[in-house]
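Here's the structure we're looking at; comments come further down.
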Amino acid sequence: MDLIARLRAGLPGEAILTDPDVTGSYANDMASFCEAGTPAVVVLPRTVEQVQHIMRTATELRVPVVPQGARTGLSGAANASDGCIVLSLVKMDRIIEINPVDRIAVVEPGVINAVLSRAVNAHGLYYPPDPSSWEQCSIGGNIGTASGGLCCVKYGVTAEYVLGLDIVLADGRLLTTGRRTAKGVAGYDLTRLFVGSEGSLGIVVRAVLALKPEPPEQLALAAEFPSTAAACEAVCEIMARGHAPSLLELMDRTSIRAVNDMAQMGLPDTTEALLLAAFDTPEPAADLAAVGELCTAAGATQVVPAETAAESDLLLQARRLTLTALERVKSATMIDDVCVPRSRLAEMLDGTAAIAEKYGLTIGVCAHAGDGNTHPTVCFDAADPDESRRARESFDDIMALGLQLGGTITGEHGVGVLKKEWLARELGPMGLELQRGIKQVFDPLGILNPGKLF
């Protein structure tokens, strides 16, 4: 019996896509410079039992399986390989439970981040992880790539909110990890092992997520600086003084000018860096005033605090428009997510500017400054082979700079295909050997998302 016939034995007809024009549309995520193969079939299960059937079939026939969510990723982690089963989890999109007493939500992997956020808000609760693509990205994809977002400086990343998982293993068995309780230290933390594993160890089919009480509405300020060094000094002072902003974002000159060109935001041409801070504390105005003084002491030329939530949204609009504005500069972009210690943030930004000059490219940087997570965005003409080569080389130089400064090659986008070589450099030979050993335990046939990470 062939692959499609085996799949049909346990799946409804509408869950199996074989038309090459349709399956080809599932071949890749949003990353540049990442190879993608041609899938043999795309399956869209709705139940755990259907996922188990798919994995048993894949194991029996030795067919690779590439799990996918909403395909908003930026590392090629969801890219198909030739002859694979693309296992799309978008139809498993139920919010199973929201429990205000235990402060948990139980969800399927296809639930969209924004849908969950709004659902828990209705109960006076808050799910903090908020990737920029939160209106499109799925919880399963967030778990697979250990994604972050703007609020990470105060609330942390996805890994800190995943309490337990149901996972279909490569051979179709169902594994339950973790807990529903506020505390629990029984055995190895297998739950955390799966967060960020990019579908290489198993298929997440259910997640127990921690929730927090919904915070007050935040107020923001914008501070303009004559240099990135001055802005980064302000960041260091804000964190060293013990402030807990709900958002602390930075935009460099290139990003500011791109946004100005697109949206006429009116930011002065002399502004070299824009720092945006927000607080969702009981007295945010007082916190903003204290942070404003630190910005002024660090050399800010103008500090504009908001008095209302509407004014805050206006101030934060420039940051939200950054990627869209940079995408207008050239026909293609590569978005990095190198994370460095906060104390080295200025060196990271200045070094990236030097790399842009070296390669004759436009590279704009916005950053989750409060946690040192930078997003250098390389703008290039995809139709120009030489410019494309320079873009890829500059991307590598940025990652090398991040490691040199004591950072990591990825703060929230994952490794996928794009950064495989660099993962090996960051981990070192022993770390790589141990991680490959873990992969072998969970996926001895090597059928789960092959070619990713290692």
Side-chain angles (χ1 to χ4, degrees), residues 132 150 152-153 220-241 243 245 247-278 288 291-306 312 314-326 329 335-357 361-379 398 401-402 405 407 411:
S132 296
L150 300 184
C152 292
V153 60
L221 69 72
E224 299 172 17
F225 288 88
S227 69
T228 53
C232 293
E233 180 184 344
V235 170
C236 291
E237 282 299 307
I238 290 166
M239 301 309 291
R241 298 293 183 92
H243 292 288
L247 174 151
L248 192 56
E249 298 287 304
L250 187 148
M251 296 168 59
D252 74 344
R253 174 184 59 189
T254 301
S255 299
I256 293 167
R257 291 181 180 174
V259 170
N260 261 344
D261 289 343
M262 183 183 76
Q264 289 77 51
M265 296 291 291
L267 295 168
D269 289 339
T270 54
T271 300
E272 293 290 313
L274 181 69
L275 186 64
L276 299 158
L288 289 182
V291 165
E293 290 178 5
L294 293 176
C295 289
T296 300
T301 54
Q302 186 174 9
V303 177
V304 180
S312 294
L314 286 174
L315 291 178
L316 297 175
Q317 186 179 7
R319 173 63 181 86
R320 295 192 183 104
L321 292 174
T322 302
L323 178 56
T324 302
L326 289 170
V329 174
I335 307 169
D336 214 329
D337 68 319
V338 172
C339 191
V340 297
R342 296 184 193 101
S343 56
R344 312 298 296 273
L345 189 58
E347 294 170 82
M348 185 67 202
L349 267 67
D350 289 343
T352 300
I355 290 168
E357 184 175 354
L361 295 168
T362 298
I363 303 178
V365 182
C366 58
H368 307 313
D371 50 26
N373 194 170
T374 67
H375 289 300
T377 303
V378 183
C379 306
I398 290 167
L401 173 64
L405 295 175

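What's counted below: heavy atoms across the whole structure, side chains too, no hydrogens, waters or symmetry copies.
- For the pair T374 (side chain) and V338 (backbone), a donor-acceptor distance under 3.5 Å is present.
- Among pairs with a residue in residues 338-347, those fulfilling salt bridge (charged side-chain N to carboxylate O under 4.0 Å, His left out) read R344-E347, at least two apart in sequence or across chains.
- Between G411 and C339, the shortest heavy-atom contact is CA-CB, 4.1 Å.
- Residues meeting the side chain to side chain contact (heavy atoms under 4.5 Å, CB included) test with E293, sequence neighbours left out: none.
- For the atom pair OG1 (T271) and CE (M251), the distance works out to 10.0 Å, reported to the nearest 0.5 Å.
- Applying the side chain to side chain donor-acceptor pair (under 3.5 Å) rule to T377 yields no partners; only residues at least two apart in sequence or on another chain are considered.
- The minimum heavy-atom distance linking R319 with H368 is given by the pair NH2-CE1, 3.5 Å.
- Although no hydrogens or angles enter the test, the distance criterion places a donor-acceptor pair under 3.5 Å between the side chain of N260 and the main chain of G266.
- Among residues two or more places apart in sequence or in another chain, the side chain to side chain contact (heavy atoms under 4.5 Å, CB included) test is passed with A222 by L274, L276, L315.
- Looking at every heavy atom in both residues, A234 comes nearest to L275 through CB-CD2, 4.1 Å.
- Scanning all heavy atoms of the two residues, the minimum distance from T228 to A273 falls at CA-CB, 4.0 Å.
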Fill in: Criterion side chain to side chain contact (heavy atoms under 4.5 Å, CB included) on L267 and V259, from CA distance to verdict
CA-CA 9 Å; L267 295 168; V259 170; 5.6 Å; no

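- Taking CD1 of I398 as the start and NE2 of H375 as the end, the distance is 12.5 Å to the nearest 0.5 Å.
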Worksheet entry | Derivation of the side chain to side chain contact (heavy atoms under 4.5 Å, CB included) call for L316 and L247 | CA-CA 10 Å; L316 297 175; L247 174 151; 3.9 Å; yes

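- Atom CD1 of I335 and atom OG of S132 lie 8.5 Å apart (nearest 0.5 Å).
- Here the CG-CG distance, from N373 to L250, works out to 12.5 Å after rounding to the nearest 0.5 Å.
- Shown here for V329 and A258, the closest heavy-atom pair between the two residues is CG2-CB, 4.4 Å.
- Nearest heavy atoms, A263 versus L321: CB-CD1, 3.8 Å.
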What pairs of donor and acceptor atoms, side-chain ones from residues 294-306 against any protein atom, are under 3.5 angstrom apart with sequence neighbours left out?
{"residue": "T296", "atom": "OG1", "partner": "G292", "partner atom": "O", "Å": "3.0"}
{"residue": "T301", "atom": "OG1", "partner": "E224", "partner atom": "O", "Å": "3.3"}

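- With I363 as reference, T352 is the one residue of T254, L326, T352 to meet the side chain to side chain contact (heavy atoms under 4.5 Å, CB included) rule.
- Side-chain contact between M348 and L401 is present, with at least one heavy-atom pair separated by less than 4.5 Å.
- Take S255 and apply the side chain to side chain donor-acceptor pair (under 3.5 Å) test, not counting sequence neighbours, and it matches D252.
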